[in-house]
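To keep things clear, I will list the structure first and then write my remarks on it.
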Amino acid sequence: VDDSGDPSVQTVTVTSSTLAFSGSTPNPLVSYGGAAKSLTVHGGTANNTFDINSVPTGAATTIDGNSGNDSFVVTSGALTAPATLHVDGGTGTNSLSVPNGDVVTPNGLNSGTVGTDNTHPANVVTGYINIQNVTSTGTFTLNINTTNFPPIPTGNPDTEKLVLSG
């Protein structure tokens with residue numbers, strides 16, 4: 001579904017069987033009965049919210065925020081194997097909210113995976129990119145592997161810090 005030319009603010013709701021855009025008629029905009037093999041959503045140019053309540057069983061799902069400062073909210077249990085979920089924030093300053101208790105593993109600047117535990121590090125969000133802020137409805141574990149990051153620049157102490165907020 002390509003909404004990339006839409007300049008209006010949207011709330012996009014993804015479930016295992018429907019795709020709904022706020023204010024669209026009909027709503028849900030797309031109904032696929034859970035039989036989709038893949039689902040790709042390209043968001044518009046405004047600051048949009050993507051509520052990912054569930055994804056089609058076994059489907060490769062990609063949510064692309066496009067431009068704007070977008071928010072992606074993933075509900076607990078949204079992903080059931082062998083389904084995959086990839087989130088691309090696009091341009092702007094984007095945020096990803098993950099379920100309480102999950103494990104976030106960055107694998108580079110503004111990218112990573114989200115899992116339910118260290119044994120399953122990518123079973124909630126298979127991969128995310130262009131996400132500047134990761135938050136949770138409660139707490140989450142942050143796994144940091146320094147081999148996944150470029151060297152910290154020297155000479156500017158303002159860029160040489162890790163900020164964690166709760």
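Treat the numbers as computed from the prediction; the structure is a model and nothing was measured.
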Taking side chain as C-beta onward, heavy atoms only, is F50 less than 4.5 Å from V14?
no
Tell me every residue that passes side-chain hydrogen bond (donor to acceptor under 3.5 Å, both in side chains) with S4, counting only those two or more places apart in sequence or in another chain.
D2
If you round to the nearest 0.5 Å, how far is CG of L39 from OG1 of T62?
8.0 Å
Nearest 0.5 Å, what's the CZ-OG1 distance between F72 and T135?
12.5 Å
Starting from the C-alpha separation in whole Å, work towards a yes-or-no answer on side chain to side chain contact (heavy atoms under 4.5 Å, CB included) for V30 and V1.
CA-CA 9 Å; V30 178; V1 176; 3.9 Å; yes
Smallest separation among heavy atoms of A78 and I52, with atom names
CB-O, 3.7 Å
For a 4.5 angstrom cut-off between non-hydrogen side-chain atoms, does T11 reach D51?
yes
Closest non-hydrogen atoms of T18 and S31, given as atom of the first, atom of the second and distance, are CG2-OG, 4.0 Å
With a 4.5 Å limit on heavy-atom distance, are the side chains of V87 and I131 in contact?
yes
Any I63 side-chain heavy atom under 4.5 Å of D88 side chain:
no
Check whether any side-chain heavy atom of L19 sits under 4.5 Å from a side-chain heavy atom of Y32, and report yes or no.
yes
Between the CG atom in L109 and the CG atom in N130, the distance rounded to the nearest 0.5 Å is 9.0 Å
Who pairs with Y128 by ring pair (Phe, Tyr, Trp, His ring centres under 6.0 Å), at least two apart in sequence or on another chain?
none
Compare all side-chain heavy atoms of V124 with those of V74 and state whether any distance is below 4.5 angstrom.
yes
For S76, all residues meeting side chain to side chain contact (heavy atoms under 4.5 Å, CB included), sequence neighbours excluded:
P99
Could you tell me the separation between the NE2 atom of H42 and the CG atom of D6, rounded to the nearest 0.5 Å?
14.5 Å
Side chains of T126 and L79: closer than 4.5 Å at any heavy-atom pair?
yes
So how far is it from S97 OG to D102 CG, rounded to the nearest 0.5 Å?
10.0 Å
Is the backbone of N69 close enough, under 3.5 Å, to the side chain of T93 for a donor and an acceptor to pair up by distance?
no
Of all the heavy-atom pairs spanning T113 and G127, show the shortest one and how long it is.
CG2-CA, 4.4 Å
Is it the case that one hydrophobic cluster holds both L85 and V41, taking links as side-chain heavy atoms less than 4.5 Å apart, direct or via other members?
yes
Heavy-atom side-chain contact between T49 and V9 under 4.5 Å
no
Might you point out which heavy atoms bring G89 and N94 nearest each other, and give the distance in Å?
O-ND2, 3.2 Å
When you check the side-chain N and O atoms of S22 and Q10, is any donor under 3.5 Å from an acceptor?
yes
Checking side chain to side chain donor-acceptor pair (under 3.5 Å) for the pair T75/N53: CA distance, chi angles, key distance, verdict?
CA-CA 5 Å; T75 303; N53 297 329; 3.0 Å; yes
Within this structure, what is the CG-CG distance for the pair D64 and D70, rounded to the nearest 0.5 Å?
9.0 Å
Of all heavy-atom pairs between P7 and A46, which one has the smallest distance, and what is that distance?
O-CB, 3.4 Å
Decide whether L96 and V73 are clustered together by the hydrophobic rule: side chain heavy atoms of Ile, Leu, Val, Met, Phe, Trp, Tyr closer than 4.5 Å, transitively.
no
Closest heavy-atom pair and its distance - I129, S111
CG2-CB, 3.8 Å
